[in-house]
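Heads up, the thing below is written out as structure tokens.
Model, not experiment: these values are computed from the prediction. Just so it is clear: chains get the letters A, B, ... in the order the sequence lines come, proteins before strands, and each one is counted from 1. Only this structure's heavy atoms are used, side chains among them; waters, hydrogens and symmetry mates stay out.
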Amino acid sequence: MQFGNVDWWLLAPSLSVCIVALLAMLLEPFLSEKKQEIVGHFSWIGLIVALYFASQQIGVKSSTFGGMFLADDFSQFFNLIFILGAILTIFMSIDYLKKKDNNHGEFYPLILFSTDGMMVMASTSNLLVMFLGLEIMSVALYVLAGFARTQLRSTEASIKYFLLGAFATGFTVFGIAFIYGTTGSFEAMDVVKHFQQGGGVDSFLLIGAALLIVGLGFKIAAVPFHMWAADAYEGAPAPVTGFMSAGPKAAAFAALLRIFSFGFQDMQAVLEPLFWILAVLTMTVGNIMAIRQNNIKRMLAFSSIAHAGYIMIALVVGTAESASAAALYLLCYAVTNLGAFMIISQIDASSAHEEVTSIDNYSGLGRTKPLLAILLTVFLISLAGFPPTAGFMGKFVLFKSAVIDGHYAIVILAVMNSLVSVYYYLRVVVKMFMSDPEAKPVLVPALPAFLVIALLVAVIAVFAIGIYPQRWYPFDGLTIFSLN
Amino acid sequence: MDFPILSVMIFTPLIGMLIVMLMNKEKTELIKYTSVAVSIIPLILSVMLWFGYDSSTAAMQFTERYEWIPTLSIQYFLGVDGLSVPMLFLTALLSTISLIVSFHIKIRVKEYFAFFLLLEAGMIGVFAALDFFLFYVFWEVMLVPMYFLIGIWGGPRKEYAAIKFFLYTLFGSIFMLVGILILYLNSSPHTLDMMELIAQGNQFAHSLQILVWVFFFLAFAIKVPIFPFHTWLPDAHVEAPTAVSIILAGVLLKMGTYGFLRISYPMLPHGTQYFAYPFAILGVIGIIYGALVSMAQKDLKKLVAYSSVSHMGYCVLGMAVFFINSNGQPHTTGLAGCIFQMFSHGLITGALFLLVGVLYDRAHTREIAAFGGLGAKLPLYTALMTVFAMASLGLPGMSGFVAEFMVFVGAFASPTYQVMTGIAVIGVVLTAAYILRMVQKMFLGEFNVKWAGLTEINGREILAVAPLLILTIALGVYPKPLVTMISATLENIVFMVSR
């Protein structure tokens with residue numbers, strides 16, 4: 001394999017995130033305990049620089065490192081999701097960590113490393129590089145999940161996530177090995193070549209694909225690989241939970257879509273029933289489990305599983321159009337869910353050492369904190385897929401791509417599922433607006449400036465994508481770059 | 001460029017909502033008057049629409065068309081025909097009346113009026129939209145304020161009623177969404193323009209039409225509501241505050257029938273023909289069932305609610321009857337009866353809910369048996385209530401009679417539906433029975449001294465009910481303006497369905 005000249009410009013977005021992360025890590029020990037948030041400010045400024053580089057690359061289609069690192073519509077769109085997700089997470093964390101008496105600067109480099117891993121995952125079709133990205137992302141996430149060191153739940157979340165994650169990684173590597181064994185290459189696009197040269201669906205390739213689905217299915221919390229999700233989401237600090245549901249999920253989907261909708265497209269007929277069952281199981285189990293939850297983080301964990309189920313429809317359909325629709329859905333989901341978690345963090349921050357995440361804590365919020373309650377309602381309505389919000393636009397485009405390909409049944413199952421989901425999202429709304437405040441209502445602190453900015457960004461994005469998506473997203477589809 | 005009258009009608013309440021939200025929540029009186037003032041603008045515009053509309057043609061008028069999301073062929077496309085003009089007028093009128101009725105709201109006044117204006121914008125949007133995506137957006141947007149209005153300001157079981165209403169309606173509309181997507185991809189070129197889809201209506205495969213028709217049926221039948229999808233209605237009505245009941249009965253139910261006539265009928269002619277007969281049967285079941293259940297009600301509001309099920313049954317029966325006779329002339333009497341019933345039911349039932357609310361505000365009970373001999377104590381109230389009760393049972397000289405008469409004449413003209421019409425007429429007798437029984441128990445007989453402290457209906461309430469009274473009688477005596485308004489459009493619909 002010839003590397004030739006490395007095109008550093010293509011690497012600029014992910015490289016800048018990496019450099020900022022390293023600098024932030026160096027910066028942290030020099031700051032006193034009270035000034036740790038400076039690392040946070042440094043980090044989000046760095047991310048904005050990365051966002052600038054990423055925006056400068058829009059439209060570029062190229063590769064470097066001998067085709068191992070790609071820049072195409074697909075990677076650029078996902079980079080936007082990752083960077084935006086990271087910036088919003090940092091904005092909501094700066095004051096949250098202080099209020100939770102957990103103000104440690106290493107939080108921010110961890111977010112940045114994780115983000116960088118995601119960017120690598122979305123920017124390659126080489127399975128080995130993808131694995132590298134996956135690990136960079138995951139290791140940082142394991143630490144982040146346990147960031148509330150003094151909380152037993154947080155530690156439990158971290159351990160569970162780590163052990164099961166390590167196990168799932170094994171599957172991923174094993175799957176890559178099988179695929180390498182068949183095609184003689186780590187390049188997912190070479191599977192296309194394998195079929196062009198007359199290769200059939202051989203059992204090694206099939207095992208490889210199945211193992212990859214297990215490994216990545218774990219990351220997106222597809223049923224039956226979802227067992228970790230509820231505990232990890234519930235235990236992790238609220239901003240981290242928001243981050244986990246936005247970025248890493250999108251990254252794992254970016255990998256899945258690139259591998260299966262583009263690389264393995266000739267095996268689509270074989271894999272379709274498998275994805276069909278996984279998708280329906282995921283959305284149904286997620287929604288049904290969410291109904292019973294009384295902790296809002298846990299409820300959104302199951303809702304996040306359900307959303308993964310909807311997005312998996314794109315894998316069932318397996319067309320380039322549906323892969324792009326899934327990308328849009330992930331963007332919509334990321335901004336909406338992060339928005340919801342901003343409010344959840346703010347409520348949670350009302351006590352330094354206790355978790356304030358029970359749905360009962362939201363009783364009467366519509367009267368005590370009307371602005372927060374209205375914003376949370378907007379985000380929940382968007383999650384439920386109501387117009388004119390982003391959640392509706394995402395669903396509309398995704399379901400349209402499925403119906404166009406003739407997949408009526410799964411779309412009907414998905415819309416029925418979203419009906420179920422409305423019930424539990426509205427439960428929170430009922431608590432906020434239709435119940436009286438508790439005898440001892442939670443004392444929600446004043447809104448910090450950065451959270452206000454983050455909320456503004458999220459709510460504007462929710463309505464902008466919902467009402468006028470034309471400028472945000474190319475509806476004829478995101479294209480990918482391939483050397484073949 | 002003409003004056004964008006429809007957009008102004010939609011966006012005035014939205015702007016009004018923003019203004020109300022920015023106002024000081026302590027100044028409740030100012031909020032109330034501002035809201036009413038805002039809602040008068042669409043009312044005036046809808047009257048201008050009525051008089052500016054050229055009823056000699058079925059073509060869409062006052063159209064506004066802009067690109068919105070071109071790559072998905074979604075447009076911002078508004079327009080009206082003879083079907084939507086009366087509905088827009090009804091919506092604007094009932095919104096203003098409801099806002100006037102809502103002056104007694106005491107808690108969270110600002111939010112209430114803001115939600116109400118959002119609701120009005122959504123309702124006007126539904127009747128004006130000619131792009132499927134836009135239509136769906138308005139259809140859904142309307143649900144949210146409705147949910148809050150029932151859930152926050154409703155009766156004792158408000159949460160239950162609100163969520164039941166919401167989930168039921170949503171259940172239907174998600175099927176509509178799938179139906180829209182299926183039509184979109186089977187049209188060539190792909191389009192979400194309703195007029196374009198109507199033009200292509202006879203090209204859709206028959207099996208496809210039947211499937212999509214069922215999907216749309218679920219959405220619209222729940223709204224109407226057609227038996228057996230009516231169970232959300234009594235709960236929502238009983239728990240909702242008075243003004244919301246007026247809107248529910250007066251406008252929301254009509255969206256179901258409007259949906260059938262605007263979408264299912266012209267877009268899916270084969271599906272409509274295929275299901276016309278079962279559709280009529282459901283209509284007749286609705287008439288009889290609704291009337292029988294009304295007879296058993298002890299709660300006055302529930303009685304009016306179930307009477308809506310019965311009255312909307314006439315709409316459905318009238319709608320099912322369409323054909324082109326041997327002279328090549330479309331038979332539109334049944335359909336005209338349906339639209340007349342939609343309009344007249346909006347007036348009459350709106351007024352009945354309003355009057356029920358007036359009494360409930362004073363007596364804090366709605367139990368029919370608890371009253372008696374109110375006629376002596378509240379003569380004016382009794383007179384109003386009796387007039388509308390008579391209108392509801394179809395007394396000649398009022399709009400309800402014209403509507404029911406047209407439905408029966410229309411249905412009887414078709415040999416297929418003669419037996420059914422005969423059965424449906426029983427409904428009139430049953431209606432008379434429960435209405436007269438209610439009037440007798442509440443207003444006649446011995447006066448229950450417990451109610452000696454009741455006060456007469458006040459000026460503001462009379463002001464709210466007066467337009468409904470005038471229109472009910474005016475249309476009953478001289479129905480021509482409404483009939484003229486709709487005839488060309490209906491002929492066109494019958495031609496479309498008979499393709």
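- There is no contact between B/Phe138 and chain A, counting heavy-atom distances below 4.5 Å.
- Close placement of the B/Tyr136 and A/Phe392 rings is indicated, their centers lying within 6.0 Å of each other.
- Residue B/Phe148 touches chain A through both its backbone and its side chain, counting heavy-atom pairs closer than 4.5 Å.
- Each of A/Ile381, A/Leu426, A/Val430 has some count of heavy-atom pairs under 4.5 Å with chain B, and the biggest count is that of A/Leu426.
- By the 30° and 60° cut-offs, the orientation of the rings of B/His206 relative to B/His270 is parallel.
- Just one residue in the list B/Asp131, B/Leu197, B/Leu183 forms a side chain to side chain contact (heavy atoms under 4.5 Å, CB included) with B/Thr191, and that residue is B/Leu197.
- Between B/Phe166 and A/Phe386, the ring planes lie parallel to each other; the angle is under 30°, not in the 30° to 60° tilted range.
- When heavy atoms are compared at a cutoff of 4.5 Å, B/Val178 approaches chain A solely by way of its side chain, counted from C-beta outward.
- Using a 4.5 Å cut-off between heavy atoms, A/Thr389 does not touch chain B at all.
- Taking the six-membered ring where the residue is Trp, the centroids of B/Phe220 and B/Trp139 are separated by under 6.0 Å.
- No side-chain donor-acceptor contact under 3.5 Å links A/Ser418 and A/Tyr310.
- Both the backbone and the side chain of B/Leu170 come within contact range of chain A, with heavy atoms under 4.5 Å apart.
- Neither the backbone nor the side chain of B/Ile180 comes within less than 4.5 Å of any heavy atom in chain A.
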